[in-house]
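Sharing a structure below in structure tokens format, with a few things to ask.
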Amino acid sequence: MLLALLAEQPKDGGEVWWSTRRFERRIGLTASTRTRGTKELVDAKLLFTRRGQRPNDKKTFAPESTVTIYKLQGEAAPTKAARKKTVAAAKRK
């Protein structure tokens with residue numbers, strides 16, 4: 001789960017969210033692995049989660065509007081240099 005969060009980090013190091021229905025297909029982890037990994041990271045104080053509306057989707061009540069939003073923190077939060085390396089590596093693939 002940590003690798004998925006690091007790979008999907010926005011350039012500003014902000015929050016990440018996925019549609020529950022699309023997560024497994026996009027990331028390749030099952031829902032149970034996602035839940036277990038999230039709990040382990042939260043317990044280790046490396047991840048903060050909250051329920052909220054999708055960013056840029058404040059006017060709809062569609063089922064996917066409410067999502068879990070993830071934010072890495074502490075030692076798991078990527079530095080600017082680490083984010084640049086991650087983005088560069090992703091572009092090479």
Side-chain angles (χ1 to χ4, degrees):
M1 188 64 189
L2 178 58
L3 293 176
L5 288 162
L6 287 169
E8 296 289 319
Q9 281 291 295
K11 289 182 182 178
D12 65 359
E15 299 174 327
V16 177
W17 62 272
W18 296 279
S19 156
T20 303
R21 287 189 277 162
R22 295 185 185 125
F23 178 82
E24 188 171 348
R25 183 176 56 209
R26 179 179 171 97
I27 304 298
L29 299 175
T30 64
S32 62
T33 300
R34 175 184 182 173
T35 300
R36 194 170 47 255
T38 297
K39 182 182 179 329
E40 289 174 5
L41 292 171
V42 168
D43 289 348
K45 301 197 183 326
L46 298 175
L47 179 66
F48 170 77
T49 64
R50 67 180 174 87
R51 295 289 294 164
Q53 287 188 313
R54 281 190 301 203
N56 303 321
D57 191 13
K58 305 289 184 196
K59 297 180 182 175
T60 181
F61 293 102
E64 280 193 0
S65 291
T66 302
V67 295
T68 300
I69 299 170
Y70 303 87
K71 173 98 172 129
L72 290 170
Q73 60 186 14
E75 292 186 16
T79 62
K80 278 189 175 185
R83 283 195 301 272
K84 285 181 183 178
K85 282 177 137 179
T86 301
V87 170
K91 286 181 180 178
R92 286 193 296 263
K93 289 183 179 180

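Nothing fancy with the numbering, it's 1 onward along the sequence.
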Report task. Please identify each residue that fulfils side chain to side chain donor-acceptor pair (under 3.5 Å) with Thr30, with sequence neighbours left out. Result ->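 Per chain and number, Thr30 pairs via side chain to side chain donor-acceptor pair (under 3.5 Å) with Ser32, Thr33.
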Requested in this report: Show your working on side chain to side chain contact (heavy atoms under 4.5 Å, CB included) between Leu5 and Leu3 and close with a plain yes or no.
Outcome: CA-CA 5 Å; Leu5 288 162; Leu3 293 176; over 6 Å; no
Output side-chain donor-acceptor pairs under 3.5 Å for residues 37-44, partner residues at least two apart or in another chain, one line each.
residue, atom, partner, partner atom, Å
Thr38, OG1, Arg34, O, 2.8
Lys39, NZ, Asp43, OD2, 2.6

Query - Close side-chain approach of Arg26 to Glu8, heavy-atom, < 4.5 Å - result: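 Arg26 reaches Glu8 side chain to side chain.
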Requested in this report: Answer whether the closest heavy-atom distance between the side chains of Trp17 and Thr68 falls below 4.5 Å.
Outcome: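 Counting from C-beta outward, Trp17 and Thr68 never come under 4.5 Å.
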Query raised in the report: Are Gln9 and Leu72 side-chain neighbours, meaning at least one heavy-atom pair lies under 4.5 Å?
Result: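 Yes; the side chains approach each other to less than 4.5 Å.
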Query - Lys71 side, atom NZ; Leu47 side, atom CG - distance, nearest 0.5 Å - result: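 CG of Leu47 is found 10.5 Å from NZ of Lys71.
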Query raised in the report: Can you list every pair that meets ring-ring contact (aromatic ring centres under 6.0 Å, His included) and has a residue in residues 22-49, with sequence neighbours left out?
Result: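 Listed by first then second residue: Trp18-Phe23.
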Query raised in the report: What residues form a salt bridge (Lys or Arg N to Asp or Glu O under 4.0 Å) with Arg50, not counting sequence neighbours?
Result: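 For Arg50, the residues satisfying salt bridge (Lys or Arg N to Asp or Glu O under 4.0 Å) (neighbours in sequence not counted) are Glu15.
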Requested in this report: Using the test side-chain contact (heavy atoms from CB on, under 4.5 Å), find all partners of Arg25 that sit at least two apart in sequence or belong to another chain.
Outcome: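 Checked Arg25 against side-chain contact (heavy atoms from CB on, under 4.5 Å); matches are Arg22.
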Query raised in the report: What distance do Thr35 atom OG1 and Met1 atom CE have between them, rounded to the nearest 0.5 Å?
Result: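 It is 8.5 Å, given to the nearest 0.5 Å.
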Query raised in the report: Which heavy atom in Gly52 sits nearest to a heavy atom in Ile69, and how many Å separate them?
Result: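 So the two residues come closest at CA-CD1, 4.2 Å.
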